[in-house]
Amino acid sequence: MKINTDSLVTFIIMWGIPFFMVARGFLKMNSEDKKSVIIDFTSRRFISTIGFIVIGGFFIHVGTLLGVAIIKFIGIVLLTLGGIFTVLDLWRDSKVKSILILILVSSVIYINVN
């Protein structure tokens, strides 16, 4: 398991900066907004759509960084599930957006499998 320095720097920038910004924004919120955010982020709908996509992308990146295929595979599965749930969730609101999400998730999966 050899870690490439360039990949590590990219990983830290891609995941570190957004995490820092979200954490800083959360800490600046008042208590009512914090409760609302916690309720939204722990909802079944959020976890099954955006949560699976983000966790899947994170696992894919960690698997690629460490060179461990099983972690990358788990990330691809989670990303696929998140994409499917997102398409099903958006289908009743906007068919165009759901097709766009399907195309984007499919292309990310295709790039990471090859």
Side-chain angles (χ1 to χ4, degrees):
M1 184 168 43
K2 184 176 180 183
I3 297 176
N4 187 359
T5 306
D6 295 337
S7 296
L8 182 61
V9 170
T10 305
F11 178 80
I12 291 170
I13 290 172
M14 280 184 63
W15 293 100
I17 292 174
F19 177 77
F20 174 74
M21 292 173 62
V22 168
R24 194 177 96 198
F26 181 76
L27 292 174
K28 286 185 176 183
M29 290 181 184
N30 59 22
S31 62
E32 288 181 20
D33 289 338
K34 284 183 182 181
K35 288 178 185 176
S36 174
V37 166
I38 290 172
I39 290 170
D40 289 343
F41 279 17
T42 56
S43 70
R44 190 177 294 170
R45 180 179 179 190
F46 181 84
I47 291 172
S48 66
T49 56
I50 303 299
F52 279 177
I53 290 175
V54 171
I55 293 170
F58 182 77
F59 278 2
I60 289 171
H61 205 156
V62 169
T64 304
L65 177 68
L66 300 176
V68 180
I70 191 71
I71 295 174
K72 188 175 176 182
F73 178 74
I74 291 169
I76 290 172
V77 169
L78 287 173
L79 185 72
T80 304
L81 287 173
I84 290 169
F85 292 146
T86 303
V87 167
L88 293 175
D89 187 46
L90 281 177
W91 187 259
R92 62 187 151 197
D93 296 335
S94 173
K95 299 198 181 0
V96 174
K97 286 182 184 178
S98 63
I99 297 296
L100 179 65
I101 294 290
L102 181 65
I103 291 170
L104 289 173
V105 169
S106 299
S107 62
V108 168
I109 291 168
Y110 177 76
I111 289 169
N112 283 302
V113 168
N114 291 332

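This is a predicted model, so every value here is computed, not measured.
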Working to the nearest 0.5 Å, report the span between CZ of Phe46 and CG of Asp40.
-> 8.5 Å
Residues at least two apart in sequence or cross-chain that pass side-chain contact (heavy atoms from CB on, under 4.5 Å) with Ile74, listed by chain then number, are Phe59, Ile70, Leu78
Linking directly or through intermediates, with side-chain heavy atoms under 4.5 Å: list the remaining ILVMFWY members grouped with Leu104, chain and number order.
-> Leu100
Ile13 and Met21: same hydrophobic cluster, using ILVMFWY side-chain contacts below 4.5 Å?
-> yes
Could you grab the distance from atom CZ of Phe11 to atom CG of Asp6, nearest 0.5 Å is fine?
-> 15.0 Å
Give, for atom CD1 of Ile50 and atom CG of Asp89, the distance between the pair rounded to the nearest 0.5 Å.
-> 9.0 Å
Grouping ILVMFWY residues whenever side-chain heavy atoms fall under 4.5 Å, the cluster of Ile60 otherwise contains Ile53, Ile76, Leu79, Val87, Leu90, Ile101, Leu102, Val105, Val108, Ile109, Val113
Atom OG in Ser98, atom CZ in Arg92: separation rounded to 0.5 Å?
-> 11.5 Å
Taking atom CG of Leu66 and atom OG1 of Thr64, what is their separation to the nearest 0.5 Å?
-> 9.0 Å
ILVMFWY network linking Ile12 to Phe58, side-chain heavy atoms under 4.5 angstrom | yes
Distance flag, aromatic centroids of Phe26 and Phe41, threshold under 6.0 Å = no
Lys35 atom NZ: more than 12 heavy-atom contacts under 6.0 Å | no
Does one hydrophobic cluster hold both Ile71 and Ile3, with members joined at side-chain heavy-atom distances below 4.5 Å?
-> yes
side-chain contact (heavy atoms from CB on, under 4.5 Å) between Lys97 and Asp93: does it pass, once the steps are laid out?
-> CA-CA 9 Å; Lys97 286 182 184 178; Asp93 296 335; over 6 Å; no
By the rule that ILVMFWY residues connect when side-chain heavy atoms come within less than 4.5 angstrom, directly or transitively, which residues belong alongside Leu88?
-> Ile84
Between OG1 on residue Thr86 and CZ on residue Arg45, distance to nearest 0.5 Å = 9.5 Å
Please list all pairs passing the ring-ring contact (aromatic ring centres under 6.0 Å, His included) test where one or both residues lie in residues 64-114, with sequence neighbours left out.
-> none
Summary of side-chain hydrogen bond (donor to acceptor under 3.5 Å, both in side chains) pairs that have at least one residue in residues 10-20, sequence neighbours excluded = Trp15-His61
List the steps, then state whether side-chain contact (heavy atoms from CB on, under 4.5 Å) holds for Leu65 with Val62.
-> CA-CA 5 Å; Leu65 177 68; Val62 169; 5.5 Å; no
